[in-house]
2 protein chains.
Amino acid sequence: MQDSQTSETTQKTIEETIVSGILSARIRPGTRLSENQLATLFSVSRTRVREAMMRLETRGIVHVSPRRGWFVVEPSAEEAIAVYEARRVIEAGLLRGMRALTDEGRKALDAHLNEEKSAMAAGDRQRLSYLMGDFHIRIAELSGNAIIVDILRDLTARTILISMLYQSEFHAVQSHDGHCRIFEAMQAGDFARAAELSIEHLDEVEMGLDLTTRPDPLSELRSSLSLPPRPGPRVSQLSDPKNHNFKGVIKTC
Amino acid sequence: MQDSQTSETTQKTIEETIVSGILSARIRPGTRLSENQLATLFSVSRTRVREAMMRLETRGIVHVSPRRGWFVVEPSAEEAIAVYEARRVIEAGLLRGMRALTDEGRKALDAHLNEEKSAMAAGDRQRLSYLMGDFHIRIAELSGNAIIVDILRDLTARTILISMLYQSEFHAVQSHDGHCRIFEAMQAGDFARAAELSIEHLDEVEMGLDLTTRPDPLSELRSSLSLPPRPGPRVSQLSDPKNHNFKGVIKTC
DNA sequence: CTTTCCTGTCTTGTATGCAAGATAGCCAGA
DNA sequence: TCTGGCTATCTTGCATACAAGACAGGAAAG
């Protein structure tokens, strides 16, 4: 048991590691998060792991199936719709309420869009997944409102999980264009237009999903029989290398 | 140790009890929440209490001072501003995105406003505090979006804490009028107008606060010396009857 | 009287132990 | 071959024990 570093840094690290793993699409929905495995991975006891899981549960990132385990959420089609709706409400409300784009903010967004471009050119899909989601968080950061940033970060994480479940194709170019249009409207000082564009953008992404392909084909029957969410062998392990090479990358955000 | 009921119902009860205590302004900001006392009150071990505290912490309702205790948050002036800003963003975004007011929704809001009226007539301040906050949650419920409802519920709880800290007078009539105006615009189908009105309403409430009267007059010095948040004898206990007869009721929401 | 230090007590932080449900695999019987 | 039931094992649920920091109060020294 060689402690890589003298622990101490494991306070909020479990939480953040999992969230950032989702944001960069390395952790798939439905991933099993074993308390014991996480405990040994982070060299802490199960207590700390459970605390992190509870926090993530209230953030809507994981859920627990009693006596069976913790799993990264697999949003249902209804939940997916709710997430996009919430994002439209918040992001449009945010943009519409903006009064000016500071020079600093303009530079930050410009730099971000350049990163998107270079990731697209390099074909770095994992990085692209992350950047596509991060754009919206960057916009929230412009407001300087930590509350909104936190809310949007969690919603973005859920969005990425949704995309992994329901998205077939990868339309990075389209999303990038949407981001650019929003940025242009912001630069022009037309925040009402930017708000409209952000709604359109999220609509576009949502429409690109196939919300009819249920991840669990038995979900209808199962819910009508009120059975537990999803038994069976869909267990992908956290340290499983396959999770790091998953196929089908995220377009969204 | 007479168990009032055979436990079992203590799963999420701790969390909900505290939140609803805040929503009805029975629990003041800065209230100490002792793990041991809560554990005996709810007839569970500290473990369960800690879980509830962790959840409430991620919801921004309580915070922990290491090795000193859990406390209901006392939002700073900056945090207060951020909360109102977040609410303006979300509530205005929500209203502006609405397309129609269902008959069901109209009835629900109408009934709520009547409740406000009767509470005002009866001078039931505690109930009034609750209703003033609940109006905005009701609007969120119209969207049928559980995510937004949860977010607004927590923000409303924080708003009430802010009011308890920074609000001197009680302007229930003014708030009630604001609610009525928003409802009228919604009934008229003018949701853009309703959104504007909700922003004005929240501005009005925020302006009614005295954000210069700091709850901790030493906070500036304290933070510049990076000392722990607030030592001293400001401990009001959960089961202390004084908490149920606090003076200075909430106007807000 | 003021200041300093020390100690007892109370708080949370963390790990661990045990209970109990869920699951998978095996074995026996039809 | 298929079905049913039993058991071994793995999972979380929850309580408890102990460690360690924070604080209050008192005693002693100036």
Exercise for the section: Could you tell me whether A:R59 and A:D150 have a side-chain N and a carboxylate O separated by less than 4.0 Å? Expected result: no

Problem - Rounded distance in Å - CZ (A:F71) to C1' (C:dT23) - result: 11 Å

Between the protein and nucleotides 5-8 of chain D, list the N/O to N/O atom pairs that are separated by less than 3.5 angstrom.
none

Practice task
Using only side-chain N and O atoms of B:T47, determine if any of them is under 4.0 Å from OP1 or OP2 of D:dC14.
Solution key: no

Handout entry: Carboxylate-amine/guanidinium proximity below 4.0 Å for B:D134 and B:R138
Key = yes

Handout entry: Separation of atom CD in A:E51 from atom P in C:dT16, rounded to whole Å
Key = 15 Å

Completion exercise
Heavy-atom contacts, protein to nucleotides 5-12 of chain C, under 4.0 Å, summarised as B (base), S (sugar-phosphate only) or - (none) per nt, yield ------BB

Exercise for the section: For the pair B:S175 (side chain) and B:A172 (backbone), establish whether a donor and an acceptor sit closer than 3.5 Å, ignoring hydrogens and angles. Expected result: no

Exercise for the section: Determine whether B:I160 and B:S129 make a side-chain contact, defined as any pair of heavy atoms from C-beta on separated by less than 4.5 Å. Expected result: no

Completion exercise
The single option from A:V149, A:L155, A:T156 that satisfies side-chain contact (heavy atoms from CB on, under 4.5 Å) with A:R153 is A:V149

Practice task
Give the C-alpha distance, both sets of side-chain angles, the deciding distance and a yes or no for salt bridge (Lys or Arg N to Asp or Glu O under 4.0 Å) between A:R127 and A:E115.
Solution key: CA-CA 9 Å; A:R127 177 154 185 71; A:E115 279 196 86; 2.2 Å; yes

Exercise for the section: Taking only Lys NZ, Arg NE, NH1 and NH2, and the carboxylate oxygens of Asp or Glu, determine whether A:E79 and A:R158 approach each other closer than 4.0 Å. Expected result: no

Problem - Side chain proximity check, B:L161 to B:E74, heavy atoms < 4.5 angstrom - result: no

Practice task
Calculate the interatomic distance between B:I14 atom CD1 and D:dG13 atom P; express it in whole Å.
Solution key: 15 Å

